[in-house]
Each structure stands twice: as C-alpha cells, then as structure tokens.
**Student:** 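The structure that follows is given in the form of structure tokens.
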2 protein chains.
Amino acid sequence: MNIGEVSKRSGLPAKTIRYYEDIGLIQPHRSDNGYRAFAESDLHKLAFLGRARALGFSIEDCRNLLTLYEDRSRASADVKQIAKTHLTRIDQKLAELQEMRATLAGLVSACAGDNRPDCPILADLSSHD
Amino acid sequence: MNIGEVSKRSGLPAKTIRYYEDIGLIQPHRSDNGYRAFAESDLHKLAFLGRARALGFSIEDCRNLLTLYEDRSRASADVKQIAKTHLTRIDQKLAELQEMRATLAGLVSACAGDNRPDCPILADLSSHD
DNA sequence: TCTTGACCTTCCATCTGATGGAACCTCTAT
DNA sequence: ATAGAGGTTCCATCAGATGGAAGGTCAAGA
C-alpha cells in the first residue's frame, strides 16, 4: 500500500504519516523503488493514532499507548492510568477555558461596540495595576 | 527599572519579556551599561500583555489590542470585534474538549484497571476500522 | 583592592505537532 | 515520448516561549 491510499484510509495527511515515521511511531517497509510499503498493521496503527490524537492524547501518550497496545501481557491498569491522567489535564483545561470565557463574555457584553473610544475591555486589561 | 524588577512586578519571566521585545511588542530603552531600562509605561504594557495572554488572546491579537489601546481615537467596536472573535474560538475549543472528555470518561469507567490485559480503552482506539 | 555572587547581556538550540514548498524521482496511460 | 499523478528527501516555518552556554556588570564584604 502506498502512502496515498494509507492517507485516504486512515484520514491522516501524507505529510503527517511521514512525520509519524520520522519520530518512530511506525516503521513501514520500503519497496524497491524507495516508496513506503505499508502493511495492514501500519494502517491499523495509524488509525489508532488518529483517534488517540483526536482525543487529545499527546504524541508521547500515543507512543506509550501503542507500546501497551502491542504488549499482549500489559495490565489494563497501565492504560487506564494514562487515560485518567489525560482526563485530569482535560478537566483543568476546561476549567481554565470556562473561566476565560466568563471573563471575556462579561467584557464583551459591557462594551458598547460603537464609534466612541471608551472601551471596557481595554479598560479592564489595563486597570489591574 | 531593570528586567528583574519588571519581571517581579509584571509576573512575566525575564525570558518572556526579552522575547516580547524581540517580536516588537515593547521597546524598552537601554542604559549605558547595555541593560534594558524599563519605563512605567513598559511595565504597564507587559501587565496588559500578561492579562490578555491569560485570557487566551494570541500574540497577534495582543499586538492589535496594544495598538488600539494606544490609539486614543479608536472605536470600541474594533476592540469588541477582536474579543468576540476570540470568544467564538473559545466556545469551539470548549465544545471539542467537552466531547473529548465525555468519550474518555466513558472509556475510563469501562476499564477494569486491573492486572488483566483486557482493556476497553485500547479496544475502542483500535476498533473503528 | 580583590573577590564573590547576583544580575544582566546575546545567541543558539529545543520543545510540540505538524505543515509548506522546492527539487527531484517513478509509474501509468496515451 | 511525454504528461501528469503519484512518490521521495530536505529545509524552512508556525506559535510561544524556554533552557543553557559564554560572558559582561554591579554592589557588598573581607
């Protein structure tokens, strides 16, 4: 399978697939012409990567998950730990964003948004000293 | 004022302050010894930047906001537009994260997290083909 | 006066996670 | 033979800093 087909079937851009090979996440074989020759298992891993990345797992998380995925004797606790840690990070990020949103929404609704120069948004950003 | 004091008073690391000078957000004067000599107005701008960045505004947003901030004749509508656009981005990001969180939380709670190799998390990540 | 240590300088490398583009090779169909 | 659709490598770039090396400066104490 050439990179184009793998790209279509995995949903990942060819650039990204080459990048993932570069950083050692996959090791496709090479044909005589120098083209990457992907096996079904490579495609499978790439699809796995695509979904894990879409869930916000970092590349290093993905590397660990792939290792665990290929380790038939791993404990599910190891995987769960990675996922739980990630869930905590997501919750933190959510809390931050929600606070940001609240502050910003308040400022936006306080701002007349007309042609006058008075602007509560700038006033707020500059007033805390 | 040297960079150390500005760092303390603005809450920004010295590295970051140098970086902000580098990309043209501030233009502190220089003392005879080559040290950066910050005016109160520089400190003010840096604090402004710190707060805007904390609200998730991009550096380019900040550049625009600073320009508007210094333009006594700007319309508040210009500022509001930047803030509203940013608010929309935050809402998108929030929706994404919430979906991620829901999926991940479901997987985590489905996973026994014991010594057995069966793991719904990995099963899910690998099953969608 | 000398020295120590805190503080300052620049410059270059590194991080995450790709992505864009140039220059060039290969395969397939006409 | 040639066009064009693929493939290849390598190098640069994006955001937004941050780490570290090598070296200059300043103030205080022995």
Side-chain angles (χ1 to χ4, degrees), chain A residues 1-39 42-43 45-46 48-66 82 85-86 89-90 93 96 100, chain B residues 1-38 42-43 45-46 48-66 82 85-86 89-90 93 96-97 100:
Chain A
M1 224 184 315
N2 282 347
I3 202 167
E5 194 186 339
V6 174
S7 172
K8 254 179 231 153
R9 290 176 60 186
S10 69
L12 295 171
K15 274 279 187 192
T16 301
I17 296 172
R18 292 193 190 99
Y19 172 67
Y20 285 172
E21 181 189 17
D22 220 52
I23 61 175
L25 290 177
I26 49 165
Q27 290 92 32
H29 289 129
R30 295 293 178 134
S31 305
D32 289 346
N33 58 14
Y35 286 16
R36 287 169 185 79
F38 295 86
D42 293 315
L43 176 57
K45 277 197 210 176
L46 286 167
F48 181 106
L49 285 168
R51 285 187 296 270
R53 295 284 301 126
L55 282 176
F57 285 101
S58 71
I59 291 288
E60 282 320 295
D61 281 341
C62 289
R63 205 186 291 281
N64 292 327
L65 288 172
L66 268 186
I82 294 177
T85 301
H86 182 45
R89 285 198 303 263
I90 288 178
K93 191 71 192 169
E96 275 173 38
M100 253 186 223
Chain B
M1 224 185 315
N2 283 346
I3 202 167
E5 194 185 339
V6 175
S7 171
K8 255 179 230 152
R9 290 176 60 187
S10 68
L12 295 172
K15 275 279 186 192
T16 302
I17 296 172
R18 294 196 190 97
Y19 172 66
Y20 285 173
E21 182 189 16
D22 221 52
I23 61 173
L25 289 177
I26 51 164
Q27 290 94 30
H29 289 128
R30 295 292 178 136
S31 305
D32 290 346
N33 59 14
Y35 286 17
R36 285 171 186 78
F38 295 86
D42 293 315
L43 177 57
K45 278 198 210 174
L46 286 168
F48 181 105
L49 285 169
R51 284 187 297 270
R53 294 286 300 128
L55 282 177
F57 285 101
S58 72
I59 292 287
E60 282 320 295
D61 281 341
C62 289
R63 204 186 292 280
N64 292 327
L65 288 172
L66 269 184
I82 293 176
T85 301
H86 182 44
R89 284 197 304 261
I90 289 178
K93 191 73 191 166
E96 275 173 38
L97 274 179
M100 254 187 222

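The model shown is predicted, which means the values in this text are computed figures rather than measured ones. Numbered from 1 within each chain, the chains take letters A, B, ... in sequence-line order.
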**Student:** Specify the separation, in whole Å, of atom NZ of A:Lys8 and atom C1' of D:dG7.
**Tutor:**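 These atoms are roughly 14 Å apart.
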**Student:** Would a 4.5 Å heavy-atom cut-off, applied to side chains only, mark B:Ile23 and B:Arg63 as touching?
**Tutor:**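 Contact flag for B:Ile23/B:Arg63 side chains = yes.
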**Student:** List in numerical order all residues of residues 11-22 of chain B for which some heavy atom is under 4.0 Å away from an atom belonging to DNA chain C.
**Tutor:** B:Lys15, B:Arg18
**Student:** If you assign each of B:Glu60 and B:Asp32 to its closest nucleotide in DNA chain D, which residue comes earlier from the 5' end?
**Tutor:**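 Upstream on the strand: B:Glu60.
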**Student:** Ignoring hydrogens, what is the shortest heavy-atom contact between A:Arg89 and A:Asp61? Give both atom names and the distance.
**Tutor:** NH2-OD2, 2.7 Å
**Student:** Mind checking what makes ring-ring contact (aromatic ring centres under 6.0 Å, His included) contact with A:Tyr20, not counting sequence neighbours?
**Tutor:**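 For A:Tyr20 there are no ring-ring contact (aromatic ring centres under 6.0 Å, His included) partners, ignoring immediate neighbours.
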**Student:** Could you check which of D:dT25, C:dC27, D:dA17 has an atom nearest any side-chain atom of B:Tyr35?
**Tutor:**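 That would be D:dT25.
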**Student:** To the nearest Å, how far apart are B:Ile3 CD1 and D:dT18 C1'?
**Tutor:** 14 Å
**Student:** Give the rounded distance in Å between these two atoms: CG of B:Asp61 and P of D:dC14.
**Tutor:** 17 Å
**Student:** Atom NE2 of A:His29 to atom P of D:dT8: distance rounded to whole Å?
**Tutor:**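 From A:His29 NE2 to D:dT8 P: 15 Å.
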**Student:** Quickly work out the A:Asn2 CG to D:dT8 C1' distance and round it to whole Å.
**Tutor:** 11 Å
**Student:** Checking side chain to side chain contact (heavy atoms under 4.5 Å, CB included) between B:Glu21 and each of B:Asp42, B:Ile26, B:Leu46, which is the one that passes?
**Tutor:** B:Ile26
**Student:** Which atoms form the tightest heavy-atom contact between A:Leu12 and A:Gly50, and what is the distance?
**Tutor:** CD2-CA, 4.2 Å
**Student:** Figure out the CE/P separation between A:Met1 and D:dG6, and round it to whole Å.
**Tutor:**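 In whole Å, D:dG6 P and A:Met1 CE are 17 Å from each other.
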**Student:** Before you tell me yes or no, could you show the steps for A:Phe57 and A:Ile82 under side-chain contact (heavy atoms from CB on, under 4.5 Å), namely the whole-Å CA-CA distance, both residues' side-chain angles and the distance that decides it to 0.1 Å?
**Tutor:** CA-CA 9 Å; A:Phe57 285 101; A:Ile82 294 177; 4.0 Å; yes
**Student:** If only side-chain N and O atoms of B:Arg30 are considered, is one of them under 4.0 Å from the OP1 or OP2 phosphate oxygen of C:dC8?
**Tutor:** no
**Student:** Could you state the CD-C1' distance from B:Glu5 to C:dA6, rounded to the nearest angstrom?
**Tutor:** 15 Å
**Student:** In whole angstroms, how far is the P atom of C:dT26 from the CG atom of A:Asn33?
**Tutor:** 8 Å
**Student:** Please confirm whether the shortest side-chain N or O distance from A:Arg36 to OP1 or OP2 of D:dG7 is below 4.0 Å.
**Tutor:**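 Looking at the OP1 and OP2 atoms of D:dG7, neither is under 4.0 Å from any side-chain N or O of A:Arg36.
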**Student:** If you take all heavy atoms of B:Gly56 and B:His86, which pair is closest and at what distance?
**Tutor:**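 Residues B:Gly56 and B:His86, closest heavy atoms: O-CE1, 2.9 Å.
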